[in-house]
Amino acid sequence: MDTEKVNCLIIGSGPAGYTAAIYASRANLNPVLYEGLQPGGQLTTTTEVENFPGYPDGISGFQMMEDMKRQALRFGTDIRSCDIVEVDFSSRPFILRTGDGKEISAKTVIVATGATAKYLGLPSEEKFKGQGVSACATCDGFFYRKKDVAVVGGGDTACEEAAYLAGLCNRVYMIVRRNVLRASKAMQDRVLNAGNIEILWEHRTKELLGDESGVTGALLTDKHGEDHLIDIHGFFLAIGHHPNSEIFRKYLETDELGYIITKGKTTATNVPGVFAAGDVQDPRYRQGITAAASGCMAARDAEAFFN
Ligand code: NDP
């Protein structure tokens, strides 16, 4: 099999991957970017992005990713709509195999494969994605100002999102499947002390209700098996994220949840020449702007690696 030689291989096409591509192209690293299975990444599932500086009137997540892609292409990034399915980081240059059966030998690799929000798996949840169903309160909470919304989950993210939404919305229900919160004490206190957050302990979501305007309610079941209907317009999932790091875990150090560990304030991993950017290494901030920033850092780190 012919092995293609690449200077800088970028895996992933969210804000981290595209920003890395823009910087790496402009630094003459001749990057090749593999888009992966969800071209554009998580932002393409958001309707409107209003918190990315530079877009005073907001922009759709899909359009924003198209613009970033165009910008990367303008500087010569070789973008391929395929996935990387296997890596060997045991020696340099690194060997990577693509979904269409090619083998690539890369001097540097930037992993920007993101994270995937977990959903409950209800058909109605799928139907109303982007129309009331969201996995990011910071991104979408603003659209539900003064309305009633619900957050599912009882961890730190759920509490943080509920507290954030409580500042914008009329009433926030927290749908918690057990009779305790998993979140840290400080985060629990924020939720318990907010006047407009109501915790529905030991409740599960059965179905979402809605019409052409989007979500209008949720049907819940309590521990006795009784159904309850709540009227809501926003339904926020906060039941965890899954970092897309599986194929790298044999070589790259991750935390217990699978997030790739980077060194200090850099994007360097434990393997010299492999860098990680965006949500695959960030369980905390998970914003388009922070992912883009770390994509820039990864390209700069890759550039420095050659010097
Ligand atoms: P976690 O895994 O900590 O919590 C997930 C929550 O969702 C749990 O309450 C869990 O319930 C619930 N859940 C999971 N699956 C379902 C389901 N199918 N139906 C209903 N509920 C479900 O995820 P987080 O995103 O909250 O946090 C991830 C990591 O990031 C943690 O280590 C957290 O501490 C950290 N973090 C820290 C922050 C901070 O310090 N400010 C902010 C955000 C995250 P159960 O408890 O019953 O399992």
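Because the structure is a prediction, the values reported are computed rather than measured. Whatever order the structure lists ligands and atoms in, that order sets their numbers, starting from 1.
Salt-bridge formation is not detected for the pair R286/D282: no Lys NZ or Arg NE/NH1/NH2 atom is positioned less than 4.0 Å from an Asp or Glu carboxylate oxygen. A salt bridge does not link E66 with K69: every distance from a Lys NZ or Arg NE/NH1/NH2 to an Asp or Glu carboxylate oxygen is 4.0 Å or more.
The atoms of ligand 1 that sit less than 4.0 Å from any heavy atom of G153 are 7 (O). Proximity to L120 (heavy-atom distance under 4.0 Å) selects the following atoms of ligand 1: 17 (C), 18 (N), 19 (N). Of all atoms in ligand 1, listed by their number and element, those nearer than 4.0 Å to a heavy atom of G155 are 4 (O), 6 (C), 8 (C), 9 (O), 26 (O). Here is the list of ligand 1 atoms found below 4.0 Å of a heavy atom in E160: 41 (N), 42 (C). Counting atoms of ligand 1 from 1 in the listed order, those under 4.0 Å from a heavy atom of R178 are 45 (P), 46 (O), 47 (O).
With rounding to the nearest 0.5 angstrom, the CG atom of L257 is 10.0 Å from the OG atom of S245. Annotation: the span from E202 atom CD to L220 atom CG amounts to 13.5 Å, rounded to 0.5 Å.
Using modelled atom types, no side-chain atom of R300 and backbone atom of Y23 make a donor-acceptor pair closer than 3.5 Å. Using a distance-only test at 3.5 Å, with no hydrogens or angles considered, a donor-acceptor pair links the side chain of Q188 to the main chain of L181.
Counting protein heavy atoms only, atom 31 (C) of ligand 1 is closest to L257 CD1, 4.5 Å. Protein heavy atom nearest atom 23 (O) of ligand 1, with residue, atom name and distance: G240 CA, 3.9 Å. Given atom 40 (O) of ligand 1, the protein heavy atom at minimum distance is R284 NH1, 4.1 Å. Closest to atom 8 (C) of ligand 1, if we only count protein heavy atoms, is R182 NE, 3.5 Å. In this structure, the protein non-hydrogen atom closest to atom 44 (C) of ligand 1 is T157 OG1, 3.4 Å. Looking at atom 34 (O) of ligand 1, its nearest protein heavy atom turns out to be D156 OD2, 2.6 Å. The protein heavy-atom contact nearest to atom 7 (O) of ligand 1 is I239 CA, 3.3 Å. What sits closest to atom 10 (C) of ligand 1 on the protein, heavy atoms only, is R177 NH2, 3.9 Å.
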Next item on the list: Starting from the C-alpha separation in whole Å, work towards a yes-or-no answer on side chain to side chain donor-acceptor pair (under 3.5 Å) for T267 and S294.
Entry: CA-CA 7 Å; T267 61; S294 78; over 6 Å; no

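For the residues A158, A115, G154, P283, the heavy atom positioned nearest atom 9 (O) of ligand 1 is part of G154.
When heavy-atom distances to ligand 1 are checked against a 4.0 Å cut-off, T205 has no atom that comes that close, whether in backbone or side chain.
Checked by atom type, the side-chain pair S25/T77 shows a donor-acceptor distance below 3.5 Å. Counting only N and O atoms by type, the side chains of D67 and Q63 include a donor and acceptor under 3.5 Å apart.
Within a 6.0 Å sphere centred on CZ of R74, heavy atoms belonging to other residues, nucleotides or ligands number 12 at most.
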